[in-house]
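Worksheet: one structure, shown below.
Residue numbers begin at 1 in each chain, while the letters A, B, ... track the order of the sequences.
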Amino acid sequence: MSRPVDGVALAVVVAFFLLVTVLGFLAARWRRAEDLGSLDEWGLGGRGFGPVVTWFLLGGDLYTAYTFVAVPALMFTAGAAGFFAVPYTVIMYPLVFTFLPRLWSVSHRHGYVTPADFVRGRYGSRGLALAVALTGLLATMPYIALQLVGIQAVLEVMGVGGGDNAFLADLPLLVAFAALAAYTYSSGLRAPALIAFVKDTLIYVVVLVAVLYIPATLGGWGSIFNEADKALQAKGTGSLVPTAAGAWPYATLALGSAMALFLYPHSITAVLSTRGRDVVRRNAAVLPAYSFLLGLLALLGLVALAAGTKPVGLDGKPNPQLAVPQLFHDVFPSWFAGVAFAAIAIGALVPAAIMSIAAANLFTRNVWREFVRPDCSPAEQAKVAKLASLAVKVGALVFVLTLDKTLAINFQLLGGIWILQTFPAVVVGLFTRWFHRWALLAGWAVSMVYGTIKAYDVVNPATGKHFGGSAADIPFLGGRTGYIALTAFVLNLVVTVGLTVLLRALRVPDGPDETAAGDYLAEADDPRVAPLDALTGPDPLASGGPSRA
Amino acid sequence: MTEPSGTRPSRGALVTAGVLLALPFVALLWVSSYARYEPRLWGFPFFYWYQFLWVLITSAATYAAYRLVRRR
């Protein structure tokens with residue numbers, strides 16, 4: 001099936017895209033960066049971001065094509081099951097509040113940039129640090145892949161791409177990606193932080209218009225919920241309110257996703273680039289504004305159901321990822337549909353940039369410098385990181401082109417299965433060093449294999465492809481279904497605890513711990529935080545004390 | 001502008017903050033307690049508006065916890 005290209009919408013999207021690209025290049029000069037040739041400057045923006053920038057950066061980081069495309073697509077298909085994203089992003093904040101200030105303090109005390117840096121210092125184990133670093137790299141790729149699917153959805157609804165020629169079909173995707181890669185390469189973390197302002201402004205405008213205007217045209221929310229209820233019953237693939245069997249997947253997906261999110265390298269990058277642990281905590285209290293937004297966007301999946309939206313791709317097959325873009329296309333005038341599409345596309349590009357930068361930091365410090373060239377210069381590190389950020393994006397493309405795309409949210413959930421297995425080493429490690437380093441490594445290995453096999457075994461009945469879902473039977477719970485990440489995590493804990501007891505009984509020695517109890521509570525004005533200033537160089541922004549309310 | 005690090009929060013403050021931070025877990029992970037249509041609010045089934053309500057409650061609880069544990 002071919003559809004006419006929507007010229008007006010396309011022109012608006014291209015205009016916004018050019019704007020953010022220019023901003024991206026200008027960002028290199030923002031906030032007086034003296035030298036982008038160091039990893040701290042390129043990868044952490046000089047570590048001087050205050051609460052407002054951090055709020056935008058974290059928001060730009062956490063609310064992505066996942067929010068705009070993947071979650072509504074799941075609600076469009078399965079109803080209430082997709083709404084787990086709301087409890088997920090809500091219970092995340094108490095977790096952030098509890099764990100991340102400790103990570104901020106110990107990282108600033110010892111100059112850690114990545115979770116693997118911390119694990120290496122805490123457990124004195126290069127092997128365990130490598131495991132954490134590689135998991136971060138692997139898990140980031142499908143998350144970036146999800147962003148690509150989001151951009152693709154917008155382009156498809158505008159009539160761009162698709163068709164029989166495999167190269168032409170993916171050309172718009174490649175062009176968008178090349179621009180992203182180029183300005184990320186030149187400006188580092190400053191680019192997405194600046195663009196995040198544009199992105200969030202666009203998103204707020206679009207969301208407010210969408211949740212006020214569209215329901216009014218459909219007879220209000222009451223009627224939307226009733227119509228969506230009927231449509232779901234007719235489809236037979238979901239329900240408006242979870243059934244008894246749906247409660248376990250709902251709760252485990254929410255909890256597993258929340259525990260996984262702040263283990264991603266990009267979430268930790270955003271936290272470490274803040275000015276103080278106080279900023280981290282204060283933001284944990286105001287970020288839920290984003291969760292409200294996310295909930296309203298998720299409901300657009302139900303709105304599309306009620307409106308009878310037909311999300312059909314350029315290949316003529318139904319594609320739930322197109323539900324919200326198609327809804328916008330149907331109800332908005334072309335120029336505003338263009339604004340909405342730009343919001344979705346930029347909302348996918350910004351996090352993709354942040355994620356690839358974070359993964360690149362991880363690779364450079366914990367793989368390249370640790371195992372390949374220990375004595376490489378700061379300039380070489382920045383160069384390797386830039387190249388690694390490109391490689392990670394290519395990896396993401398591989399995920400897009402090979403895995404089942406029926407429900408793009410499974411990309412993010414697959415990443416969650418992997419990244420959650422670093423929780424015992426990273427998060428538990430922030431509080432206690434009781435776990436033995438080898439037990440942690442064994443627990444990680446067993447749960448990674450288990451989680452991957454379980455996910456592989458989920459076959460999508462419609463397409464026959466593996467990795468078709470992220471929930472499976474929980475062993476020993478009598479037929480209850482749950483998020484594989486959490487099942488694997490429990491297995492991870494059991495192995496880690498069991499082996500720790502054994503290794504302690506055998507008196508196998510621990511590695512050296514370079515951190516001290518007080519490091520986990522250090523404030524930005526603490527004199528012991530000073531060593532980091534020597535690392536970052538004379539950046540006037542890095543020396544400001546914590547701002548207090 | 002450097003302030004001296006003040007006293008650590010009291011044990012009571014820490015416990016209260018812990019309870020405030022634990023509440024959303026109980027409320028939101030006990031799915032069967034809110035997987036219902038009724039009562040509706042502005043056309044929203046209970047399942048949906050209850051969770052939106054917890055966005056606000058969690059924000060308030062987290063802010064309260066922040067005030068409690070902040071060093072003065």
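Contacts between B:Leu56 and chain A at a heavy-atom distance below 4.5 Å involve the side chain alone, from C-beta outward. Looking at A:Leu253, neither its backbone nor its side chain comes within 4.5 Å of chain B, counting heavy atoms on both sides. In this structure, chain A has heavy atoms under 4.5 Å from both the backbone and the side chain of B:Ala65. In this structure, the portions of A:Val90 lying under 4.5 Å from any heavy atom of chain B include both its backbone and its side chain. A:Thr98 touches chain B through its side chain: at least one heavy atom from C-beta onward sits under 4.5 Å away, while N, CA, C and O do not. For A:Ala258, no part sits under 4.5 Å from any heavy atom of chain B, backbone or side chain.
Note that CZ of A:Phe84 and CG of B:Leu28 are 13.5 Å apart. Values are rounded to the nearest 0.5 Å. Rounded to the nearest 0.5 angstrom, A:Trp248 CH2 and B:Ser32 OG are separated by 10.5 Å. To the nearest 0.5 Å, the span separating OH on A:Tyr93 from OG1 on B:Thr58 amounts to 10.5 Å.
The side-chain heavy atoms of A:Pro94 and B:Phe25, taken from C-beta on, include a pair separated by under 4.5 Å. Residues B:Tyr37 and A:Asp229 are in side-chain contact: their nearest non-hydrogen atoms beyond the backbone lie under 4.5 Å apart.
Ranked by heavy-atom pairs shorter than 4.5 Å toward chain B, the options A:Leu240, A:Leu255, A:Leu296 are led by A:Leu240. Interface summary for chain B: among A:Val86, A:Leu95, A:Ile91, the most heavy-atom pairs under 4.5 angstrom belong to A:Ile91.
Taking the six-membered ring where tryptophan is involved, the planes of B:Phe52 and A:Phe292 are tilted, since the angle between them lies from 30° to 60°.
Residues A:Phe225 and B:Tyr48 bring their aromatic ring centres within 6.0 Å.
Contacts of residues 38-47 of chain B with chain A at a heavy-atom distance below 4.5 Å involve B:Arg40, B:Trp42, B:Gly43, B:Phe44, B:Pro45, B:Phe47, listed in sequence order.
The shortest non-hydrogen separation linking B:Val31 to A:Ala247 is CG2-O, 3.7 Å.
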